[in-house]
Amino acid sequence: MRVRFAPSPTGNLHIGGVRTALFNWLCARHYGGQFVLRIEDTDEKRFVPGAADDISVSLRWVGIDWDEGPDVGGPYGPYVQSERFELGIYQPFVEQLLTAGLAYMSFTTEEELAQMRAAAEAAGIKAFRFRGPERDWPLEQQRELAATGKPYTVRLKTPLEGETRFRDLIRGGDEIVVQNDQLQDIVLIKSTGMPVYHFAHLVDDYLMKITLVMRGEEWVPSTPYHVLLYDFFGWPRPLFAHLPAILRSDGKGKLSKRKDDVATQRFRERGYLPETMLNYLALQGWSYDGVTEIMTREELIARFTLERIQPSPARWNPEKLRDMNGIYIRKLTTDQLAERVLPFMQQAGLIGDPATATEQEYLLRLIPLIHERLEELQEAPELLEFFYRDVKPGETYNPTDLIPKKHDTAQTVAMLRAAWEALNNQADWTPPALETTLRGLCEQLSVKPGPLFGAIRVAVTGRSVAPPLFDTLAGVGRERALARLAAAIAALEQME
RNA sequence: GCCCCCAUCGUCUAGUGGCCUAGGACAUCACCCUUUCAAGGUGGAGAUCGCGGGUUCGAAUCCCGCUGGGGGCACCA
């Protein structure tokens, strides 16, 4: 089996593209075969420099590799269509079609076409299907006119009657049947001489011996043209598998690059793990047994089968993705998580770049405190900030946050004073020792842990939600903890 | 408008004629754990399988129609 992923470098690779690549890759790896990466850059107008790199980087990031492609080469190269065009690879096939009378030169210009469409619409004809007058001309007549220098495109001479049918692996049952009078004479070669997708991809798939064409379902309506072309050439048709669309989370339409934040690299920036993306994306249109969801790369390869790809569309679910990322983060060891969190800390300016040994050690010590609270790595700097930057009542937090529910300022001051006293006498600054001391203080003051610990938490972290208190105190350190407590007490006294 | 595809809890999905009083996951609610938040545990609510006709002893599962949703109709891919 030979499959391929053939994106066009018109922008950043979005998540839907990765899904298509993933399914192709999974197929090649599961069934045994080659996965080819081919860049389809025949649209000079929409070409975006750097987009091809973004494609490679994004695919490699999630762990997809290819057996043949622009950078790794292969027996059917080159793997970039513009280069193939330069080599004249498509030309003989155009000639073949022309000579056989299966395609023709069309001299109707884009402007004329636009006018015809407008006129058709004005006349109430909703479906404008173009077929050029030259389709009935002898080839010689077409060539003569072309020789005068008049620009032309090459169009497919689609049959006027009959029907075209093909099967789709994912929509297993009946054949998809299209009446030929519903087709039109699509452009195969632009007036610039550059082939259009419909032609170029097909020639390349043939030359590269692709046996299964797996792509997004938006291609179903144009598959009749492709099938016609295979038959015209007398080439064996590949198998077709059109993947279900991924719909936007609100259900309104397909996920789109323009409307949604779905550039693959954006997920990386937000702290999604590649293993999460691979796993989640595999579940966009495929399922294993309806129960098992968390699967490694190897398990996905072993379990992936074409039969279990859904025909119905998947819906993008950011919450589920987030949840799954949390699961994968919790699977990491402290060392692994620290390593992955480090760049985010550096970007937030909390840790230097390069990080010193001390900084690395400190981070390693703090990681366990946030490990199971993290769902996106980008949240780490925010959760850890108070370990790195001072907290000041009235500046980084509101002093009234110190006062627990059903307590007043005076009571809070008394509690914090007692806490400061107790901690100031504390020699052993480890979590268990701190716990013994503070629990003892609760009994001594006959207050519940909730209010006391809450007040201390706000004083030391500047927030009411933070990791467990004793670990936090130990992490912040004796001197800073006492100073923050003192500052909190002072701020409250000032309020009275 | 025309053509094509799709249709099970709010969402994703299991289900391929009887194992379905429809299973799992996310989200949601409650309780437990608990110093806050998470994580974890337990439990709840949530789907007359879009609607209407068939076929069959029997249908979520097969057939037809309707409706709804999605996609396509470029010298873009």
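None of these values were measured; they are calculated from a predicted model. Throughout, a chain's letter reflects where its sequence line sits, starting with A, and its residues are numbered from 1.
- Comparing A7(B), C75(B), U35(B) by their nearest atom to the side chain of P311(A) picks out A7(B).
- Annotation: ring pair (Phe, Tyr, Trp, His ring centres under 6.0 Å) contacts of F470(A) (sequence neighbours excluded): F453(A).
- In this structure, the nucleotide among U35(B), A77(B), C12(B) sitting nearest to the side chain of A314(A) is C12(B).
- Using a 4.0 Å heavy-atom distance criterion, Q184(A) is classed as a sugar-phosphate-only contact.
- Side chain R171(A) to base C5(B): no donor-acceptor pair is found below 3.5 Å.
- In the displayed structure, Y152(A) atom OH is contacted under 6.0 Å by at most 12 heavy atoms of other residues, nucleotides or ligands.
- Counting distance only, with no hydrogens placed and no angle test, the side-chain atoms of R373(A) and the base atoms of C37(B) include a donor-acceptor pair under 3.5 Å.
- With distances taken from any side-chain atom of V196(A) to the nucleotides U35(B), C75(B), G40(B), the minimum falls on C75(B).
- Counting only heavy atoms from C-beta on, P468(A) has its side chain closest to U35(B) among G70(B), U35(B), C26(B).
- Residues satisfying the salt bridge (Lys or Arg N to Asp or Glu O under 4.0 Å) criterion with R155(A), sequence neighbours excluded, are absent altogether.
- For RNA chain B, the neighbouring residues in residues 283-293 of chain A, judged by any heavy atom under 4.0 Å, are S287(A), D289(A), G290(A), V291(A), E293(A).
- At the phosphate of C73(B), neither OP1 nor OP2 sits under 4.0 Å from any side-chain N or O atom of S222(A).
- Between S312(A) and P7(A), the residue anchored closer to the 5' end of RNA chain B is S312(A), taking for each the nucleotide with the nearest heavy atom.
- Remark: A30(B) base-pairs with U42(B); criterion is Watson-Crick or G-U wobble with both hydrogen-bond distances under 3.5 Å.
- Partners of A51(A) according to the side chain to side chain contact (heavy atoms under 4.5 Å, CB included) rule, which considers only residues two or more places apart in sequence or in another chain, are P9(A), V48(A).
- Taking 4.0 angstrom as the limit, R330(A) places a side-chain polar atom (N or O) nearer than this to OP1 or OP2 of G40(B).
- Between the C1' atom of A77(B) and the CZ atom of F5(A) lies a distance of 11 Å, rounded to the nearest Å.
- To the nearest angstrom, P of U34(B) lies 11 Å from CD of E435(A).
- Legend: residues meeting salt bridge (Lys or Arg N to Asp or Glu O under 4.0 Å) with R322(A), ordered by chain and number and at least two apart, are E375(A), E376(A), E379(A).
- Considering CG of D168(A) and OG1 of T223(A), their distance stands at 7.5 Å, rounded to 0.5 Å.
- To the nearest angstrom, C1' of U11(B) lies 13 Å from CG of D323(A).
- The 5' end of RNA chain B is approached more closely, in terms of each residue's nearest nucleotide, by V220(A) than by the other of W316(A) and V220(A).
- Residues meeting the side-chain hydrogen bond (donor to acceptor under 3.5 Å, both in side chains) test with K320(A), sequence neighbours left out: E293(A).
- If you check U36(B), A25(B), A77(B) against the side chain of K320(A), the one that comes closest is A25(B).
- Using a 4.0 Å heavy-atom distance criterion, I456(A) is classed as making no nucleic acid contact.
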**OP:** Do nucleotides 41-51 of chain B as a string where each nucleotide becomes B, S or -: B if the base has a protein heavy atom under 4.0 Å, S if just the sugar-phosphate does, - if no protein is that close.
**Re:** -----------
Under 3.5 Å, which N/O atoms of the protein pair with N/O atoms of nucleotides 1-3 of chain B?
from, atom 1, to, atom 2, distance (Å)
C2(B), O2', R129(A), NH2, 3.0
C2(B), O2', Q182(A), OE1, 3.0

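- For N317(A), the side-chain atoms get nearest to C26(B) when compared with the rest of G72(B), C76(B), C26(B).
- Atom pair L374(A):CG and C37(B):C1' shows a separation of 13 Å (rounding to whole Å applied).
- Side-chain proximity of S8(A) to A77(B), U35(B), A14(B): nearest is A77(B).
- Nucleotide C73(B): paired with G1(B) (Watson-Crick or G-U wobble, both distances less than 3.5 Å).
- Whole-Å rounding puts the H198(A) NE2 to G72(B) P distance at 12 Å.
- Checked against the 6.0 Å centroid criterion, the rings of F23(A) and W286(A) do not qualify as a close aromatic pair.
- Applying the Watson-Crick and G-U wobble criteria (two distances, each under 3.5 Å), G50(B) pairs with C66(B).
- The pairing partner recorded for A25(B) is U11(B), the criterion being a Watson-Crick or G-U wobble arrangement whose two distances lie under 3.5 angstrom.
- R315(A) is linked by a salt bridge (Lys or Arg N to Asp or Glu O under 4.0 Å) to nothing, counting only residues two or more places apart in sequence or in another chain.
- Remark: Q115(A) pairs with no residue by the side chain to side chain contact (heavy atoms under 4.5 Å, CB included) rule, at least two apart or across chains.
- With both pairing distances under 3.5 Å, U61(B) is matched to nothing as a Watson-Crick or G-U wobble pair.
- The pair D205(A)-R38(A) meets the salt-bridge criterion, with a side-chain N (NZ, NE, NH1 or NH2) lying under 4.0 Å from an Asp/Glu carboxylate O.
- For an aromatic pair to be called close, the ring centres must be under 6.0 Å apart, and Y280(A) with W316(A) satisfies this.
- Counting any heavy atom pair closer than 4.0 Å across all strands shown, T108(A) reaches a base atom.
- Listed nucleotides: U13(B), A77(B), A27(B). Nearest to the side chain of E319(A): A27(B).
- D250(A) places its CG atom 13 Å from the C1' atom of G10(B), with the value rounded to the nearest Å.
- Checking C12(B), U35(B), C5(B) against the side-chain heavy atoms of R457(A) singles out U35(B) as nearest.
- In this structure, R322(A) does not reach the C26(B) phosphate: none of its side-chain N or O atoms is under 4.0 Å from OP1 or OP2.
- Here R117(A) pairs with nothing under the salt bridge (Lys or Arg N to Asp or Glu O under 4.0 Å) rule; sequence neighbours left out.
- Across all strands shown, R248(A) has no heavy atoms under 4.0 Å from either base or sugar-phosphate atoms.
- The CD atom of E44(A) sits 19 Å away from the P atom of A74(B) (whole-angstrom rounding).
- The gap from the P atom of C51(B) to that of A59(B) amounts to 15 Å, rounded to the nearest Å.
- For K254(A), taking side-chain heavy atoms from C-beta onward, the closest of the listed nucleotides C4(B), C76(B), G70(B) is G70(B).
- Between the CD atom of E218(A) and the C1' atom of G69(B) there is a distance of 17 Å, given to the nearest Å.
- P467(A) comes within 4.0 angstrom of a nucleotide base, judged by non-hydrogen atoms across all strands.
- Residues passing the side chain to side chain contact (heavy atoms under 4.5 Å, CB included) test with R237(A), sequence neighbours excluded: F166(A), V227(A), Y230(A), D231(A).
- For the pair H242(A)/W219(A), a side-chain contact is recorded, criterion being any heavy-atom separation below 4.5 Å from C-beta on.
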